[in-house]
There are 2 protein chains.
Amino acid sequence: MKFDRMTSAGYLVNHVARLFADGLRKRIAPLGIVPGQFPALLALWEKDGLTQKELLAVLDIEQATLANTLTRMERDGLIVRKEHPSDARARTIHLTEKARGIRADAYRAAAETNRCALADMTEDEQDLLLEFIQRVIDTMQKDKEQ
Amino acid sequence: MKFDRMTSAGYLVNHVARLFADGLRKRIAPLGIVPGQFPALLALWEKDGLTQKELLAVLDIEQATLANTLTRMERDGLIVRKEHPSDARARTIHLTEKARGIRADAYRAAAETNRCALADMTEDEQDLLLEFIQRVIDTMQKDKEQ
DNA sequence: TACTATTACATAGCATACAATGCAATGTTA
DNA sequence: TAACATTGCATTGTATGCTATGTAATAGTA
């Protein structure tokens with residue numbers, strides 16, 4: 001029996017995800033952020049002052065992962081956590097001046113990473129690839145719920 | 001300005017990679033192995049007794065990552081490291097009876113993970129998706145070398 | 001042969017992911 | 001309202017990835 005890594009979707013997807021993370025890491029290093037902070041920053045740039053729970057609802061990661069990431073972001077001066085006006089368990093999360101200031105550069109870095117990755121594909125192929133991946137995500141998420 | 005996570009290749013690829021790892025993790029848990037050990041196992045099932053360097057040549061990961069993974073595999077009773085016959089720096093890596101015994105089940109688990117993930121795509125679409133990802137990997141690896 | 005460079009691997013430190021669990025605050029119900 | 005359940009978040013432990021660095025052995029060279 002054989003199992004070929006090069007035709008295993010899981011193997012390839014893991015590999016390409018690490019290449020993306022690496023590419024993004026290098027481009028955003030000058031901004032003082034790291035790839036794991038990107039999803040939270042995207043959400044907070046769109047809407048500041050969310051609670052952890054509200055952020056979680058948007059960010060396909062586990063609560064513990066987000067809590068730890070937020071702690072590092074606070075340490076790095078990207079966010080501050082303030083007490084929630086009506087629920088003492090919760091805290092609202094606010095971007096600092098520093099985090100607000102790097103938004104445009106961070107968008108460019110992410111777009112540039114994607115652009116380089118897909119550089120030798122046609123527009124149609126790029127669209128098809130994204131559509132395929134979204135379908136796989138949908139399939140796997142439905143599976144998980146069972 | 002906006003940046004849509006749902007149309008960012010990097011974001012989607014990161015997400016789908018985590019879903020694959022999760023799916024595989026659940027299926028191979030009964031075998032006593034974890035996803036990170038899979039690539040090394042695949043290589044050793046094909047050819048036992050490789051050195052770390054020889055394994056590295058096959059496994060798109062860094063040397064330090066492999067060294068740590070091998071240490072956990074030894075701890076878990078999957079491999080033993082023996083002294084190299086002619087080079088005292090190197091060690092050859094050998095699968096245990098336990099690791100040899102789960103080969104077929106592990107193949108099935110990985111194939112099943114891939115099958116479920118691609119369940120709602122046609123054969124042609126699956127082939128195209130794999131081809132696309134391989135092209136992206138090639139592009140990004142060439143980029144890294146610059 | 002003595003020095004130096006290279007090689008093979010290990011280790012340390014960190015980021016990012018997860019599951020499991022703890023804890024205080026809030027909600028619900030008898 | 002006291003007891004219990006739920007919620008929001010933090011903490012702990014582990015896996016997996018990376019970079020940087022250490023160490024011992026080997027290879028190459030003056």
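Just so it is clear, the structure is predicted and the values come from calculations on it, not from any experiment. Here is how names work: the chains are called A, B, and so on, in the same order as the sequence lines, proteins then strands, and each is numbered from 1.
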Q.
Assigning hydrophobic clusters by single linkage (Ile, Leu, Val, Met, Phe, Trp, Tyr; side-chain heavy-atom cutoff under 4.5 Å), is B:L24 placed with B:L59?
A. yes
Q: Could you check whether A:A88 gets within reach of a base, just the sugar-phosphate, or nothing at all, counting any heavy atom under 4.0 Å?
A: sugar-phosphate
(Q) Measuring to OP1 and OP2 of C:dT16, would you say a side-chain N or O of A:T65 lies under 4.0 angstrom away? (A) no
Q. Mind checking which nucleotides bracket the chain B contacts on DNA chain D, 5' to 3', with an atom under 4.0 Å from a heavy atom?
A. D:dA15 to D:dT26
Q: Could you tell me whether the phosphate oxygens of C:dC9, OP1 or OP2, come under 4.0 Å of any side-chain nitrogen or oxygen in B:R91?
A: no
Q | Donor-acceptor under 3.5 Å (A:D76 side chain, A:I33 main chain) | A | no
Q: Under 4.0 Å between any heavy atoms, over every strand shown, what does A:T69 touch: base, sugar-phosphate, or nothing? Just pick one.
A: nothing
Q) Got A:D138 and B:D120 here, is their nearest side-chain heavy-atom distance under 4.5 Å? A) no
Q: Look at the side chain of A:R89 and the base of C:dT26, then say whether one donor and one acceptor between them are separated by less than 3.5 Å.
A: no
Q.
Let's go through B:K47 and B:E54 carefully: what are the C-alpha distance in whole Å and the side-chain angles of both, what is the deciding distance for salt bridge (charged side-chain N to carboxylate O under 4.0 Å, His left out) to 0.1 Å, and is it a yes or a no?
A. CA-CA 10 Å; B:K47 183 157 170 33; B:E54 289 168 333; over 6 Å; no
Q.
Using the rule given for side-chain hydrogen bond (donor to acceptor under 3.5 Å, both in side chains), can you reason through A:N14 versus A:R18, listing the C-alpha separation, both sets of side-chain angles and the distance that settles it, and then say yes or no?
A. CA-CA 6 Å; A:N14 170 275; A:R18 284 184 287 115; 3.0 Å; yes
Q.
Please report the distance, rounded to the nearest Å, between CZ in B:R18 and P in C:dA19.
A. 11 Å
Q.
Classify A:D76 by what it touches in the nucleic acid, base, sugar-phosphate, or nothing, heavy-atom distance under 4.0 Å.
A. nothing
Q. Please give, in whole Å, the distance from C:dC18 C1' to B:H15 NE2?
A. 13 Å
Q.
Let's see if you can work this out: which of C:dT11, C:dA10, C:dA19 has an atom nearest to the side-chain heavy atoms of B:N68?
A. C:dT11
Q | Note, B:R91 side chain near B:Q52 side chain (heavy atom, < 4.5 Å) | A | no
Q. Do B:R5 side-chain atoms and A:V58 backbone N/O form a donor-acceptor pair below 3.5 Å?
A. yes
(Q) Can you measure B:E83 atom CD to C:dA8 atom P for me and round it to whole angstrom units? (A) 17 Å
Q: Please determine, for the side chain of B:A64, which listed nucleotide (C:dA12, C:dA25, C:dA15) has the closest atom?
A: C:dA12
Q. Taking atom P of C:dT16 as reference, at what distance in whole Å does atom CG of A:L70 sit?
A. 12 Å
Q.
If you assign each of A:N14 and A:A67 to its closest nucleotide in DNA chain D, which residue comes earlier from the 5' end?
A. A:A67
Q: List in numerical order all residues of residues 20-45 of chain A for which some heavy atom is under 4.0 Å away from an atom belonging to DNA chain D.
A: none
Q: Determine the contact category for B:R72: base if any of its heavy atoms lies under 4.0 Å from a base atom, sugar-phosphate if only primed atoms, P, OP1 or OP2 are that close, otherwise nothing.
A: base
Q.
If you compare every side-chain N and O of B:Q52 against the phosphate oxygens of C:dA10 (OP1, OP2), does one of them come in below 4.0 Å?
A. yes
Q: Apply salt bridge (Lys or Arg N to Asp or Glu O under 4.0 Å) to B:K26 and list each qualifying residue two or more places apart in sequence or on a separate chain.
A: B:D22
Q: Write down the distance between CD (B:Q63) and C1' (C:dA12), rounded to a whole number of angstrom.
A: 13 Å
Q: For the pair A:F132 and B:F132, name the ring-plane relationship: parallel under 30°, tilted 30 to 60°, perpendicular over 60°.
A: parallel
Q: Take atom NE2 of B:H84 and atom P of C:dC9, then tell me their distance rounded to the nearest Å.
A: 8 Å
Q: Evaluate the side-chain hydrogen bond (donor to acceptor under 3.5 Å, both in side chains) criterion for residues B:R25 and B:T113: first the C-alpha distance (whole Å), next the side-chain angles of each, then the deciding distance (0.1 Å), finally the verdict.
A: CA-CA 10 Å; B:R25 180 181 308 279; B:T113 306; over 6 Å; no
Q: Confirm from the modelled atom types if A:E62 and C:dA19 form a donor-acceptor pair under 3.5 Å, side chain to base only.
A: no
